Amino acid sequence: MASAFIESAFYPSEIVALFHYKFLPASSSSALAKTLRTATKSKIRCYEFLNMTSRSFAAVIQELNDELRDAVCLFYLILRGLDTIEDDMSIPIDKKEVLLRNFHNNIYKRGWNFKESGPKEKDRQLLMEFDLVIEEFLSLKKCFQNVIAEKCKLMGHGMADFANNASYRNYGVKTVKDYDLYCHYVAGLVGLGLSDLFIGSGLENDELSEVPDLSKSMGLFLQKVNIIRDYLEDILQNRRFWPKEIWSQYVDNLADLKEPGHEKQAIECLSAMCLDALKHVPDCLTYMNMIRDPKIFNFCAIPQVMAIATLALVFKNYNIYKKVVKIRKGEAVKLIQKSTNIYAVVGIFRQYTQTIITKNDAKDPNFLRISIACGQIEQWCQTYLKSHPFSSATKTLTKSTPKQELNFIDAQLFILFIVFLLATICWIIKFFGLEWELLGKHLSFFTQ
Ligand code: CA
């Protein structure tokens, strides 16, 4: 956590956000703790697994209302189990295919678990104790069970189709169409399943089921940003998700992008990949604008704003070929705290789209297409703001509540504290600097 404060040293608003995050924990985590105090052993274990397997989703899932929270938690754990089998290269392909295609049946078998994961699989423990996940899955209401099992079936079959394809195994994803299909299986179906769970909880309107393409885009946007960001990690583990149809326009081998001498191609290929992800943004905004429940809104919006911030960060950023590139923790915390209504989320999307426009370069072959894609996002935002000039969201933003005033006072106090701290550090450095100078002279005397 200390490193997060140092990273955000030049961003006072992030320091304030981090301070709040660190010292004023969300009320919901204590609400969940209270629920878990009287919960079954298997449910407690499921939430432990959620925290162990997901860095980013655990926090947003825990904020949901009780009934929906359990359903989304189990949806996540079941798909994580399926994904662990898909990723495991120690399972022979014939066996893997059967496992993937039957996973949606296994989740109905009390006592089923899987103990043959490769030793390197980080989530192998989840599969070893999968009987506990099944126990909780079977205690969900029927309509939630049906949604989860149906999406699990489609995803398992989709993964099996790709795993069975020799060309995919050897060379990775081929065409942009294949890329979209793969992302649909592993993420689009999650978006569709979540919409169905929201409707099943009674908290969201049936109309979400009438816009499957929007639900799909929510998943595809997140997945594609992760695939772009994780280029290096994936290539080092011999996974190739960037479609050949795109990278072959720049290099002969996907792995060449990270090699010296290909910097220009690497940046241009990265632009093409970012452009492909940007296409989904207007759909995501339209979807989020349809959400009514504030907790579900938060749950949907937080990963989306993280994704647009990450996309703006990786765009034109050669570092993705050299190391892990991530947004600062302070920036992430600030985004989480801000994403409470569509008005704020539109503001965040505009801000990062502007960053992309500023970084866009006329010499890039995709310059014009990127400008158009950003223009479409900007147009969506403008249209929204014009049609909702006096929305309730706007009002809550302009009228400061007692809590906001308190935050403002906290912020002022905190900045004063930081100034005092910096002054003390400067004084210490100056004092010891002089001492060190003297010590240095003594040392150089002895070493001469
Ligand atoms: Ca996978």
Side-chain angles (χ1 to χ4, degrees), residues 49-50 52-58 61 72 74-104 106-107 114 116-128 130 133 148 151-175 177-194 216 218-244 254 273 276-277 303 307 310 324:
F49 275 128
L50 180 68
M52 276 158 62
T53 53
S54 135
R55 290 161 299 174
S56 43
F57 284 113
I61 290 176
V72 174
L74 286 155
F75 189 32
Y76 181 84
L77 291 178
I78 284 168
L79 299 186
R80 173 58 74 166
L82 188 68
D83 187 50
T84 304
I85 289 172
E86 188 213 17
D87 288 351
D88 194 337
M89 288 306 162
S90 71
I91 305 173
I93 183 67
D94 300 347
K95 195 172 177 185
K96 187 185 272 193
E97 189 186 355
V98 176
L99 277 165
L100 291 173
R101 293 197 197 277
N102 279 320
F103 208 78
H104 69 284
N106 292 337
I107 57 175
F114 183 73
E116 294 155 58
S117 297
K120 279 196 225 151
E121 288 310 311
K122 60 180 185 338
D123 297 328
R124 65 197 306 275
Q125 192 62 33
L126 170 69
L127 284 172
M128 285 175 80
F130 214 70
V133 176
I148 295 173
K151 298 303 176 236
C152 182
K153 180 182 178 183
L154 295 169
M155 191 182 289
H157 279 76
M159 284 172 164
D161 291 347
F162 270 90
N164 246 342
N165 183 312
S167 153
Y168 168 73
R169 278 208 305 279
N170 293 325
Y171 309 106
V173 175
K174 221 168 162 185
T175 64
K177 208 175 147 205
D178 293 341
Y179 179 51
D180 278 335
L181 186 63
Y182 182 78
C183 290
H184 166 66
Y185 288 143
V186 300
L189 288 169
V190 181
L192 289 163
L194 285 172
K216 244 180 86 173
M218 289 285 284
L220 260 66
F221 181 58
L222 302 186
Q223 185 68 21
K224 287 182 171 183
V225 171
N226 284 347
I227 285 178
I228 297 170
R229 184 200 58 197
D230 296 340
Y231 165 88
L232 189 63
E233 189 189 333
D234 285 335
I235 212 92
L236 293 177
Q237 296 190 34
N238 215 14
R239 291 191 295 246
R240 299 178 187 87
F241 299 117
W242 289 29
K244 191 178 178 189
L254 180 59
M273 290 295 291
D276 175 72
T310 304
V324 179

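Residue numbers run from 1 in the order of the sequence given. All values reported here derive from a predicted model rather than from experimental measurement. Counting convention: from 1, in listed order, for ligands and their atoms alike.
One finds no salt bridge joining Asp87 and Arg80 here, because no Lys/Arg side-chain nitrogen approaches an Asp/Glu carboxylate oxygen to under 4.0 Å. Between Asp161 and Arg101 there is a salt bridge, with a side-chain nitrogen of the basic residue lying less than 4.0 Å from a carboxylate oxygen of the acidic one.
Glu86 has its closest N, O or S atom to the Ca ion (ligand 1) at the position named OE1. Nearest N, O or S atom of Asp87 to the Ca ion (ligand 1): atom OD1. Nearest to the Ca ion (ligand 1), among the N, O or S atoms that Asp83 has, is OD1.
A distance below 6.0 Å separates the ring centres of Phe241 and Tyr182.
When all heavy atoms of Trp242 and Ile227 are compared, the closest pair comes out as NE1-O, 3.0 Å.
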